[in-house]
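Worksheet for the structure shown next.
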Protein chains: 2
Amino acid sequence: METANLLNTLNSIAILSESLQDQIKGHLIEEHFPRKSILLKEGQVSQRIYFIKKGFIRAYYHKGNSEFSTWFMGEGEFIISVYSFFSRKPSFENIEVLEDCTLQSINWDQLQSLYKQHPEFNLTGRIITEQYYIRSEERAINLQTLTAKQRYEKLLADYPGILQKASLGQIASYLSVKQETLSRIRAKH
Amino acid sequence: METANLLNTLNSIAILSESLQDQIKGHLIEEHFPRKSILLKEGQVSQRIYFIKKGFIRAYYHKGNSEFSTWFMGEGEFIISVYSFFSRKPSFENIEVLEDCTLQSINWDQLQSLYKQHPEFNLTGRIITEQYYIRSEERAINLQTLTAKQRYEKLLADYPGILQKASLGQIASYLSVKQETLSRIRAKH
DNA sequence: AATAAGTTTTGACTAAAGTCAAAAAGAGTT
DNA sequence: AACTCTTTTTGACTTTAGTCAAAACTTATT
């Protein structure tokens with residue numbers, strides 16, 4: 001089974017110098033996390049940016065008595081708790097491993113020092129931030145313009161294996177419908 | 001009446017050198033736009049990033065037979081069509097002046113040359129991008145967790161003068177409800 | 001294999017929002 | 001002031017989604 005590769009991903013955005021790649025490698029930690037591991041708990045500050053070599057992850061938060069999924073992420077994607085990592089404030093969301101993972105990560109301070117010591121890395125950082133920002137806007141647009149059924153089909157298209165990894169309730173809250181409603185949507189094919 | 005100031009806003013994020021400030025001033029264009037001006041038409045590539053010194057603006061797009069507001073922005077805020085400006089591809093959204101504006105702007109190429117010639121400006125650019133990215137996530141969360149009435153009240157709190165500037169239909173589509181529904185929400189106070 | 005625990009589906013009912021049409025209110029023009 | 005054009009509100013009805021509870025189905029554990 002193929003795994004995603006961080007340096008390949010970065011180099012596909014803009015070729016990085018050897019010395020920059022070496023410095024990244026020097027900071028990088030690679031770890032395995034089994035299903036149900038918690039990468040971030042609400043109240044903590046999101047300190048690390050993770051790259052998913054392998055596995056599947058979701059973020060969620062609590063509001064009232066309910067739980068809401070913020071996103072799902074799979075191989076080749078970067079994860080942070082956006083609000084907390086960028087603002088350096090306690091997170092309102094949790095990050096949880098849904099499928100055994102291999103993750104590479106560096107922490108916030110190391111990332112800042114990469115930007116400082118290698119100004120050209122700002123380009124890469126900016127492009128990644130912009131790409132995920134575009135995805136975030138797309139999410140609001142999908143909530144605004146797609147039916148629940150279309151949102152469900154889009155999620156399955158984006159993450160084909162998601163039904164084996166996430167529960168219906170986790171998926172339903174991401175789609176902004178109740179679990180019973182999603183179950184009925186599925187029942188009609 | 002007070003107006004917002006671009007250089008003050010940038011300096012409040014990180015103090016900029018005189019030479020950088022001079023270069024920004026050299027690129028900056030200040031223009032007035034009356035209500036109903038179109039700053040960007042769908043199909044065009046968003047070329048300029050605008051700073052609102054004064055006035056009120058919205059973005060919207062068409063899907064099926066309907067129109068949807070993406071955002072409203074007022075004094076002191078930056079505007080681009082996120083997808084188009086960052087990806088350099090044709091915009092699906094339109095940007096329209098709702099209240100006579102004074103805008104300062106530079107174009108995409110000039111912005112890139114600022115980043116290149118003044119690497120420290122990347123910090124400012126990154127922080128602004130991060131802040132707006134956080135707001136974009138917040139929008140999806142509000143759609144997910146707030147009732148239509150709460151979303152309406154939050155919008156009024158964020159933009160107190162909006163009722164004098166935008167029509168109910170424009171506001172309703174932003175809130176993801178039909179105009180008749182919003183009218184009924186308002187009727188019960 | 002049997003039991004227990006958790007997840008998903010189904011049913012009956014309620015609440016909320018959408019639709020279509022008409023009336024009322026507001027703004028702008030002659 | 002009367003007229004036109006546009007926006008907002010209201011009414012009657014339909015459709016969609018939410019709620020609560022129970023049944024069916026899975027998965028893990030003993």
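What you see is a predicted model; the values in this text were computed from it and never measured. Residue numbering restarts at 1 for every chain, and letters A, B, ... go by the order of the sequence lines.
Closest contact between the side chain of A:Leu168 and the listed nucleotides C:dT9, D:dT19, D:dT9 involves C:dT9. Nearest to the side-chain atoms of B:Ala187 among the listed nucleotides C:dT9, D:dT10, D:dT9 stands D:dT10. Comparing atom distances between the A:Ser167 side chain and each of C:dT8, D:dG18, C:dT19 picks out C:dT8 as nearest.
Going from atom OH of A:Tyr152 over to atom C1' of C:dT8 covers 12 Å, rounded to whole Å. Atom NZ of B:Lys188 and atom P of C:dA17 are 8 Å apart (whole Å). Atom-to-atom, CG of A:Leu182 to P of D:dG18 comes out at 10 Å; the value is rounded to the nearest Å. When the P atom of C:dT10 is taken as reference, atom CD of A:Gln179 falls 13 Å away, rounded to whole Å. The CD atom of A:Glu180 sits 12 Å away from the C1' atom of C:dG11 (whole-angstrom rounding). If you take CD1 of A:Ile171 and P of C:dT9, they are 10 Å apart, rounded to a whole angstrom. The separation between B:Ile185 atom CD1 and D:dT8 atom P is 15 Å, rounded to whole Å. Going from atom NZ of A:Lys36 over to atom P of D:dA28 covers 9 Å, rounded to whole Å.
Defined by atom type and a distance below 3.5 Å, a donor-acceptor pair is missing between the side-chain atoms of B:Gln144 and B:Arg139.
OP1 and OP2 of C:dA17 both lie 4.0 Å or more from every side-chain N or O belonging to B:Thr181.
Between the side chain of B:Arg184 and the base of C:dG18, no donor-acceptor pair of N or O atoms lies under 3.5 Å.
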